[in-house]
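To start, the structure itself, in C-alpha coordinates.
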Amino acid sequence: MTLEINGRNAEALIKSSEISKKVQRLGEQITRDYRDKDLLIIGILKGSFIFLADLVRAINLNPEIDFIIVSSYKDSMTPDKIELKADIGASIKNRHVLLVEDLLDSGGTLDYVRDKILSERPASLKICALIKKKKNNQKGVPVDYLGFEIEDKFIIGYGTDFAEKGRNLPDIYIIWDREHIT
Ligand code: IMP
Ligand code: MG
(Lines give C-alpha, C1' and ligand atoms only; values in the text may rest on other atoms or scores of the structure.)
(Ligands and ions follow the chains in the order given, each with its own letter.)
Protein backbone atom coordinates (compact mmCIF):
# COMPACT_ATOMS: atom_id res chain seq x y z
CA MET A 1 0.00 0.00 0.00
CA THR A 2 1.27 3.51 -0.76
CA LEU A 3 0.21 6.89 0.56
CA GLU A 4 1.45 10.46 0.31
CA ILE A 5 2.97 12.41 3.20
CA ASN A 6 4.27 15.95 2.76
CA GLY A 7 4.30 15.47 -0.99
CA ARG A 8 6.30 12.25 -0.99
CA ASN A 9 5.21 8.71 -1.66
CA ALA A 10 5.36 6.37 1.28
CA GLU A 11 5.59 2.62 0.81
CA ALA A 12 4.63 0.07 3.48
CA LEU A 13 7.58 -1.61 5.20
CA ILE A 14 6.39 -3.14 8.50
CA LYS A 15 2.74 -3.93 9.20
CA SER A 16 1.18 -3.09 12.56
CA SER A 17 0.41 -6.79 13.17
CA GLU A 18 4.11 -7.60 12.79
CA ILE A 19 5.06 -4.72 15.08
CA SER A 20 2.68 -5.83 17.81
CA LYS A 21 4.00 -9.41 17.76
CA LYS A 22 7.53 -8.09 18.12
CA VAL A 23 6.57 -5.65 20.89
CA GLN A 24 4.87 -8.50 22.75
CA ARG A 25 8.05 -10.58 22.57
CA LEU A 26 10.23 -7.68 23.74
CA GLY A 27 7.85 -7.13 26.65
CA GLU A 28 8.07 -10.78 27.69
CA GLN A 29 11.85 -10.70 27.52
CA ILE A 30 12.04 -7.50 29.62
CA THR A 31 9.55 -8.96 32.12
CA ARG A 32 11.81 -12.00 32.59
CA ASP A 33 15.03 -9.98 32.86
CA TYR A 34 13.71 -7.47 35.40
CA ARG A 35 11.52 -9.81 37.45
CA ASP A 36 13.42 -9.11 40.71
CA LYS A 37 14.27 -5.48 40.02
CA ASP A 38 12.66 -2.09 40.50
CA LEU A 39 12.56 -0.87 36.90
CA LEU A 40 12.66 2.73 35.68
CA ILE A 41 11.69 3.06 32.01
CA ILE A 42 12.69 6.25 30.22
CA GLY A 43 11.18 7.01 26.82
CA ILE A 44 12.92 9.34 24.41
CA LEU A 45 10.30 11.70 22.96
CA LYS A 46 8.75 12.37 20.69
CA GLY A 47 9.49 9.37 18.49
CA SER A 48 9.07 6.64 21.11
CA PHE A 49 5.62 7.61 22.39
CA ILE A 50 3.65 4.93 20.55
CA PHE A 51 6.25 2.19 20.90
CA LEU A 52 6.61 2.95 24.61
CA ALA A 53 2.83 2.95 25.15
CA ASP A 54 2.56 -0.53 23.60
CA LEU A 55 5.75 -1.86 25.19
CA VAL A 56 4.90 -0.92 28.79
CA ARG A 57 1.56 -2.72 28.43
CA ALA A 58 3.44 -5.82 27.31
CA ILE A 59 5.64 -5.70 30.42
CA ASN A 60 4.13 -7.60 33.31
CA LEU A 61 5.90 -5.70 36.09
CA ASN A 62 5.29 -2.47 37.96
CA PRO A 63 7.80 -0.03 36.41
CA GLU A 64 8.14 3.69 36.94
CA ILE A 65 7.87 5.51 33.60
CA ASP A 66 9.47 8.80 32.71
CA PHE A 67 10.51 10.74 29.62
CA ILE A 68 13.22 12.90 28.15
CA ILE A 69 12.59 15.15 25.17
CA VAL A 70 15.47 15.61 22.76
CA SER A 71 15.40 16.63 19.17
CA SER A 72 17.92 15.69 16.53
CA TYR A 73 15.94 16.22 13.34
CA LYS A 74 14.23 19.51 12.63
CA ASP A 75 12.29 20.05 9.42
CA SER A 76 14.56 18.07 7.15
CA MET A 77 15.85 14.55 6.88
CA THR A 78 19.41 15.60 7.66
CA PRO A 79 20.76 14.75 11.12
CA ASP A 80 20.99 17.86 13.26
CA LYS A 81 22.74 18.60 16.47
CA ILE A 82 21.04 17.17 19.54
CA GLU A 83 19.05 19.56 21.63
CA LEU A 84 17.71 18.80 25.14
CA LYS A 85 14.14 20.09 25.30
CA ALA A 86 12.96 18.59 28.59
CA ASP A 87 15.00 16.65 31.10
CA ILE A 88 14.14 13.44 32.99
CA GLY A 89 12.18 14.10 36.18
CA ALA A 90 12.98 10.85 38.00
CA SER A 91 16.13 10.39 40.01
CA ILE A 92 18.48 7.95 38.30
CA LYS A 93 21.04 7.16 40.99
CA ASN A 94 21.11 3.42 41.86
CA ARG A 95 18.08 2.69 39.66
CA HIS A 96 17.76 -0.04 37.03
CA VAL A 97 17.10 2.06 33.95
CA LEU A 98 15.72 0.91 30.61
CA LEU A 99 15.98 3.51 27.87
CA VAL A 100 13.38 3.23 25.11
CA GLU A 101 13.95 4.74 21.67
CA ASP A 102 11.99 4.44 18.42
CA LEU A 103 14.93 4.13 16.10
CA LEU A 104 18.65 4.20 15.99
CA ASP A 105 20.21 5.85 12.96
CA SER A 106 23.65 7.42 13.59
CA GLY A 107 23.34 6.56 17.28
CA GLY A 108 23.94 10.21 18.19
CA THR A 109 20.69 10.67 20.10
CA LEU A 110 21.04 7.48 22.13
CA ASP A 111 24.72 8.16 22.78
CA TYR A 112 23.86 11.61 24.15
CA VAL A 113 21.05 10.35 26.41
CA ARG A 114 23.04 7.30 27.50
CA ASP A 115 26.01 9.45 28.62
CA LYS A 116 23.68 11.77 30.44
CA ILE A 117 22.08 8.90 32.38
CA LEU A 118 25.39 7.16 33.09
CA SER A 119 26.75 10.39 34.61
CA GLU A 120 24.00 10.08 37.23
CA ARG A 121 25.21 6.59 38.25
CA PRO A 122 22.30 4.20 37.71
CA ALA A 123 22.56 0.65 39.11
CA SER A 124 22.24 -0.57 35.51
CA LEU A 125 21.38 0.81 32.10
CA LYS A 126 19.96 -1.11 29.14
CA ILE A 127 18.65 0.09 25.81
CA CYS A 128 15.55 -1.01 23.92
CA ALA A 129 15.07 0.24 20.35
CA LEU A 130 12.29 -0.74 17.98
CA ILE A 131 14.38 -0.25 14.85
CA LYS A 132 18.05 -0.07 14.01
CA LYS A 133 19.39 0.93 10.62
CA LYS A 134 21.96 -1.62 9.47
CA LYS A 135 24.65 0.63 8.05
CA ASN A 136 24.69 3.21 10.80
CA ASN A 137 25.26 3.38 14.57
CA GLN A 138 28.67 5.02 14.13
CA LYS A 139 28.68 5.66 17.87
CA GLY A 140 28.56 1.90 18.56
CA VAL A 141 25.70 2.25 21.05
CA PRO A 142 24.90 -1.18 22.56
CA VAL A 143 21.26 -2.21 22.00
CA ASP A 144 20.07 -4.86 24.47
CA TYR A 145 16.53 -5.28 23.12
CA LEU A 146 15.92 -4.76 19.41
CA GLY A 147 12.75 -5.06 17.36
CA PHE A 148 13.84 -4.82 13.72
CA GLU A 149 16.94 -4.14 11.67
CA ILE A 150 16.26 -2.29 8.41
CA GLU A 151 18.22 -0.99 5.44
CA ASP A 152 19.31 2.64 5.44
CA LYS A 153 15.96 4.15 4.42
CA PHE A 154 14.01 7.06 5.83
CA ILE A 155 10.90 5.76 7.55
CA ILE A 156 7.72 7.17 9.07
CA GLY A 157 4.84 5.84 11.12
CA TYR A 158 4.34 4.23 14.54
CA GLY A 159 5.67 7.38 16.24
CA THR A 160 8.37 8.32 13.72
CA ASP A 161 7.91 11.37 11.54
CA PHE A 162 8.89 13.27 8.43
CA ALA A 163 8.75 17.00 9.27
CA GLU A 164 6.42 16.16 12.18
CA LYS A 165 3.89 14.30 10.02
CA GLY A 166 3.14 10.60 9.88
CA ARG A 167 3.55 9.75 13.58
CA ASN A 168 -0.02 8.43 13.89
CA LEU A 169 0.27 5.87 11.09
CA PRO A 170 -0.19 2.38 12.57
CA ASP A 171 2.21 0.77 10.04
CA ILE A 172 5.78 1.79 9.25
CA TYR A 173 6.50 3.18 5.76
CA ILE A 174 9.62 3.99 3.77
CA ILE A 175 9.46 7.56 2.56
CA TRP A 176 12.90 8.23 1.19
CA ASP A 177 15.69 6.20 -0.23
CA ARG A 178 19.08 7.59 0.86
CA GLU A 179 20.63 6.66 -2.51
CA HIS A 180 18.40 9.25 -4.11
CA ILE A 181 19.93 12.22 -2.30
CA THR A 182 23.61 11.40 -2.62
P1 IMP B 1 20.30 9.24 15.44
O2 IMP B 1 20.59 10.24 16.52
O3 IMP B 1 21.00 9.54 14.16
O4 IMP B 1 20.51 7.80 15.88
O5 IMP B 1 18.79 9.41 15.05
C6 IMP B 1 17.86 9.00 15.88
C7 IMP B 1 16.68 9.94 15.93
O8 IMP B 1 16.42 10.59 14.71
C9 IMP B 1 15.52 9.06 16.26
O10 IMP B 1 15.14 9.39 17.58
C11 IMP B 1 14.47 9.40 15.27
O12 IMP B 1 13.44 10.09 15.92
C13 IMP B 1 15.14 10.28 14.22
N14 IMP B 1 15.27 9.52 12.98
C15 IMP B 1 16.35 8.87 12.50
N16 IMP B 1 16.10 8.24 11.35
C17 IMP B 1 14.79 8.49 11.08
C18 IMP B 1 13.90 8.07 10.05
O19 IMP B 1 14.24 7.32 9.12
N20 IMP B 1 12.64 8.52 10.15
C21 IMP B 1 12.20 9.32 11.16
N22 IMP B 1 12.98 9.71 12.15
C23 IMP B 1 14.27 9.32 12.12
MG1 MG C 1 13.46 9.99 18.38
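For ligands, and for the atoms within them, numbers begin at 1 and follow the listed sequence. Worth saying up front: this structure is predicted, and the values here are computed from it rather than measured.
- A salt bridge links D87 with K116: the distance from a Lys NZ or Arg NE/NH1/NH2 to an Asp or Glu carboxylate oxygen falls below 4.0 Å.
- With hydrogens and angles ignored, the 3.5 Å screen pairs a side-chain donor or acceptor of D66 with a backbone N or O of G89.
- Evaluated by nearest non-hydrogen atom to atom 20 (N) of ligand 1, the leading choice among I156, I155, T160 is I155.
- With salt bridges taken as basic N to acidic carboxylate O contacts below 4.0 Å, none links K134 and D152.
- Using a 4.0 Å cut-off between a side-chain N of Lys or Arg and a carboxylate O of Asp or Glu, E149 and K133 do not qualify as a salt bridge.
- The closest approach between D102 and ligand 1 falls below 4.0 Å for a heavy atom of the residue.
- Atoms of ligand 1 lying under 4.0 Å from any heavy atom of E101, numbered from 1 in the order shown and given with element: 9 (C), 10 (O).
- Under a 4.0 Å criterion applied to the non-hydrogen atoms of K133, ligand 1 contributes the atoms 16 (N), 17 (C), 18 (C), 19 (O).
- Using a 4.0 Å cut-off to heavy atoms of G108, the atoms of ligand 1 that qualify are 1 (P), 2 (O), 4 (O).
- Ligand 1 lies less than 4.0 angstrom from a heavy atom belonging to L103.
- A donor-acceptor pair under 3.5 Å links the side-chain atoms of R57 to the main chain of A53, judged by distance alone.
- Close contacts between ligand 1 and S106 involve ligand atoms 1 (P), 2 (O), 3 (O), 4 (O) [criterion: under 4.0 Å to a heavy atom].
- Atom CG of N62 has 12 or fewer neighbouring heavy atoms from other residues, nucleotides or ligands inside a 6.0 Å radius.
- Close contacts between ligand 1 and K153 involve ligand atoms 19 (O) [criterion: under 4.0 Å to a heavy atom].
- Of the candidates D161, V113, L110, D161 brings a heavy atom nearest to atom 21 (C) of ligand 1.
- Judged purely by atom type and a 3.5 angstrom limit, T31 uses its side chain to pair as donor or acceptor with the backbone of N60.
- Checking only distances, G107 does come within under 3.5 Å of ligand 1, N or O to N or O.
- Neither the backbone nor the side chain of K46 has any atom closer than 4.0 Å to an atom of ligand 1 (non-hydrogen atoms only).
- In this structure, E120 does not pair ionically with K93, as no charged nitrogen and carboxylate oxygen lie closer than 4.0 Å.
- Using a 4.0 angstrom heavy-atom cutoff, G47 does not count as in contact with ligand 1.
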